[in-house]
Participant: 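Structure provided below as structure tokens; questions to follow.
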Amino acid sequence: MSLDKKNSINNILEESRIFPPSKKFAENSNIRSQKEFLSLKKQALNNPTKFWESFAKSEIDWFEPFQTVLDSDNAPFFKWFKEGKINITYNCLDRHIKKGLGAKTALIWEGEPGDSKKYTYEELLKEVCKAANALKSIGVKKGDLVCIYMPMIPEAMFAMLACARIGAPHSVVFGGFSSEALKDRLIDGNARFVITADGGFRKDKVIELKQAVDAAIESGADKVVEKVVVVQRTKKNISMVDDRDLWWHELLKDQKDQCEPEVMNSEDRLFILYTSGSTGKPKGVVHTIGGYNLWSHLTFKWIFDLKDDDIYWCTADVGWITGHSYIVYGPLSNGATTLMYEGVPRPSNLGAFWEIVQKYKVSIFYTAPTAIRAFMKSGREIPDKYNLESLRLLGTVGEPINPEAWIWYKDVIGKNKCPIVDTWWQTETGGVMISPLPGVVATKPGSATFPLPGIEVEIVDKNGDKVEENDGGYLIIKKPWPGMMRTIHGNSERYLESYWEYISFKGEKNVYFAGDGARIDEDGYIWIMGRVDDVISVSGHRLGTMEIESALVSHKSVAESAVVGKKDDLKGEVIVAFVSLEKDVNGSSELVEDLKKHVVHEIGIIAKPEKIIISDSLPKTRSGKIMRRILRSLAAGEEISGDISTLEDSSVLEKLKELS
Ligand code: PRX
């Protein structure tokens, strides 16, 4: 790992403008005074146990109370609220209905072809109960892992909540992943059940999800998968396998719309979600119920400054952690109205976003910098055609936002009256860790500002020593928090190595290393500088270079490959692959296209390399290690700086320069 990305990223994020929240927003916000904010921070610092205990008791309903707030006996395998009995769906649904909110809209759904639906809390609970009973009827039991591979339709939410209702952890796999990637996740998680759809709409195209499930099962997942439940969305022809495949609507037809929530332990698994790391296959990040419920709930409430009549829209997909925490669990646990849209931003539908804001009077809008840059590129004429007056708060997530895009967002979308919350977090953290509280913190474009109350962040060097103001370093989190991941499914060693053993901080062992570089400026603002490991972010989608390299070398013509990220104005980063070929294979543009297709087949469309450079050999050290630093410079078209004396054969460089 290195911090050599630091300079280029610092250049983008050099910014000194500062924007306090407007008087009007601050006056009406839930946490509105510096005093209140600082007092929360102080309470958390002075007595973390009491701090978390009081929120866990006031914000979350328990069937039986917990005795221990945090059990660190087997750290860093921390346990939160361990004796507590809970069901997250009770907190997301039943308790609101009991308080008389049954008729409030829980979910607004907008389909890609323009169809739409709304569900009240009462209706949502009924759908979830029917689905929960249906799952039970096909043999799903408490503790069984259920894979959900779905488009952005209400049934995806019903399926997640139905699993949680009966205590079956879910493993949602993003619909853009290929059958191969799905197969790996099914096998790794030992998923006996899959919920999918006959397809999903992407404008005129249909994403063939069921075919991908069939292919995943045929190519190896048959050893784990027993039943496949299929939601009818597109009505396109698909084949159903006898005794294995069942239609969702037929299965749910006669189910009762009541299902008691299973009484779960706080530390029982709620879900596994796969994410990319710098080595090996994607890792199954494990989250458990109690801590995750509190963290997704509390962060949502703090950061989005929720009011009873808010219409909240997060544009993520439920296949990512943002969708889990901020489309499903965080909003519903707070009794909010959450909007779900089947489409994704693309040049032909950018107006659709603002049409939806106008149609439903969306008040809180949460999206990714890549989307904002796409909106910006297509010009303000598009959003200017719509009435965006309802918006009062804007958020971003997933990648660093460049100040230019931040200002555009604030001006063109937020009409300079909406605060922007730039939220930093990860699949592993369960919920947001660093973000402004919108009524209190003055923002700087491109900075995620400060850690939330209870979160202690430091920027250190490799030895764990705190770096100087404005110097780049490794971002670490010094104290456990309720929403933290608990382990990596089936690989606790990797959990320790990846997150807890990389940095030793002042001899303390239990310090979490996030994999990101950051700096803290003279006012204490945190500026995220991007990943410092071999993870790249394409349009905010996290991909490991090793995963893409493995996909490339699994092609019969490829001998070796090295993948790097290249800065891109729209997508943040794009993938550039350097490959050398097997003996007697000649490079051609057809082969390059074939290799791109191969990566899409192995991982999915999000991993398609922008560019593949075929070379006789790759730059290596004398000990045989590929010098990625050099490849990154070549891909970026930059001068190669730094020491190249360890390069085994310097003539490789000249050849690569010509090819790049
Ligand atoms: O590098 C950071 C970047 O996204 C990574 C986490 O990716 P993932 O687990 O897929 O979760 C994305 C959604 C939470 C982080 O390690 N990242 C996330 N948010 C920000 C960010 N980088 C800069 N600014 C952010 N606000």
Side-chain angles (χ1 to χ4, degrees), residues 1 3 5-6 9-10 12-13 15 172 174 176-177 272-278 282-285 287 295-296 299-300 303 314-327 330 366-372 394-403 405-406 409 420-436 443-452 457 472 474-477 483-485 488 498-499 502 512-519 525-544 547 565 571-573 606-607:
M1 292 190 206
L3 286 173
K5 286 188 185 172
K6 173 183 140 184
I9 293 168
N10 260 356
I12 320 168
L13 296 183
E15 177 64 49
V172 185
F174 172 57
F177 280 120
I272 298 180
L273 186 58
Y274 286 86
T275 191
S276 297
S278 49
K283 37 198 182 188
V285 170
H287 282 287
W295 196 231
S296 54
T299 49
F300 181 82
I303 295 162
C314 165
T315 69
D317 190 289
V318 290
W320 307 111
I321 190 70
T322 308
H324 281 56
S325 302
Y326 300 112
I327 294 178
Y366 190 34
T367 197
T370 292
I372 299 166
L394 304 174
T396 79
V397 57
E399 350 147 39
I401 179 162
N402 44 318
W406 193 101
Y409 195 31
I420 295 184
V421 286
D422 175 355
T423 61
W424 177 88
W425 59 296
Q426 310 177 293
T427 307
E428 294 88 337
T429 67
V432 176
M433 304 291 279
I434 306 175
S435 166
T443 47
K444 295 188 186 186
S447 166
T449 72
F450 305 110
L452 293 176
V457 164
Y474 300 99
L475 191 157
I476 58 163
I477 299 157
M484 65 197 304
M485 72 188 292
I488 292 174
S498 311
Y499 303 102
Y502 189 71
Y512 173 88
F513 171 51
D516 277 12
R519 71 181 168 93
Y525 282 67
I526 300 172
W527 300 79
I528 305 293
M529 288 158 31
R531 299 291 303 197
V532 293
D533 52 7
D534 291 320
V535 168
I536 48 187
S537 166
V538 182
S539 301
H541 297 144
R542 180 170 159 183
L543 291 157
E547 268 172 275
K571 297 180 176 174
E573 275 182 299
I606 54 172

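Order of appearance sets the numbers: ligands from 1, and atoms from 1 within every ligand. A quick note: this is a predicted structure, and the numbers were derived from the prediction, not measured.
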Participant: Cut-off 3.5 Å, side chains only: do Glu428 and Thr275 have a donor facing an acceptor?
Facilitator: no
Participant: Measuring from atom CD of Glu573 to atom OG1 of Thr370, what distance do you get when rounded to the nearest 0.5 angstrom?
Facilitator: 10.5 Å
Participant: Tell me if a side-chain donor or acceptor on Ser447 pairs with a main-chain N or O of Ile526 at a distance below 3.5 Å.
Facilitator: yes
Participant: Which of these passes side-chain contact (heavy atoms from CB on, under 4.5 Å) with Met433: Ile477, Val457, Leu475?
Facilitator: Ile477
Participant: Decide whether Glu547 and Ser276 meet the rule of one side-chain donor and one side-chain acceptor closer than 3.5 Å.
Facilitator: yes
Participant: Write out the residue and atom name of the closest protein heavy atom to atom 13 (C) of ligand 1, then the distance separating them to 0.1 Å.
Facilitator: Thr322 OG1, 3.4 Å
Participant: Return the residue, atom name and 0.1 Å-rounded distance of the protein heavy atom closest to atom 18 (C) of ligand 1.
Facilitator: Trp425 O, 3.3 Å
Participant: Going by the order shown, which atoms of ligand 1 are within less than 4.0 Å of some heavy atom of Val397?
Facilitator: 13 (C), 14 (C)
Participant: Less than 6.0 angstrom separating the ring centers of Phe177 and Trp320, yes or no?
Facilitator: yes
Participant: Please work out whether any backbone atom (N, CA, C, O) or any side-chain heavy atom from C-beta onward of Thr423 is under 4.0 Å from ligand 1, and answer side chain, backbone, both or neither.
Facilitator: backbone
Participant: What's the shortest distance from atom 2 (C) of ligand 1 to any protein heavy atom, and which residue and atom give it?
Facilitator: Asp516 OD2, 2.8 Å
Participant: Check each heavy atom of Thr427 against ligand 1 and say whether those closer than 4.0 Å belong to the side chain, the backbone, both or neither.
Facilitator: both
Participant: Please say whether Arg531 places an N or O atom under 3.5 Å from an N or O atom belonging to ligand 1.
Facilitator: yes
Participant: Indicate yes or no: at least one non-hydrogen side-chain atom of Thr443 is less than 4.5 angstrom from one of Ile420.
Facilitator: no
Participant: Would you mind checking which non-hydrogen protein atom is closest to atom 19 (N) of ligand 1, with the distance to 0.1 Å?
Facilitator: Gly398 N, 3.1 Å
Participant: May I ask you to list the atoms of ligand 1 that are less than 4.0 angstrom from any heavy atom of Ile528?
Facilitator: 22 (N), 23 (C)
Participant: Does the side chain of Thr299 come under 3.5 Å of the side chain of Tyr326 through a donor N or O and an acceptor N or O?
Facilitator: yes
Participant: Of the backbone atoms (N, CA, C, O) and the side-chain heavy atoms from C-beta on, which set of Pro400 has a member under 4.0 Å from an atom of ligand 1: side chain, backbone, both, or neither?
Facilitator: both
Participant: Can you tell me the protein heavy atom closest to atom 7 (O) of ligand 1 and the distance?
Facilitator: Arg542 CD, 3.4 Å
Participant: Between Tyr366 and Thr423, is any side-chain donor less than 3.5 angstrom from a side-chain acceptor?
Facilitator: yes
Participant: Any nitrogen or oxygen of Thr396, side chain or backbone, less than 3.5 Å from one on ligand 1?
Facilitator: no
Participant: Starting from atom 24 (N) of ligand 1, find the nearest protein heavy-atom neighbour and note its residue, name and distance.
Facilitator: Glu399 O, 3.3 Å
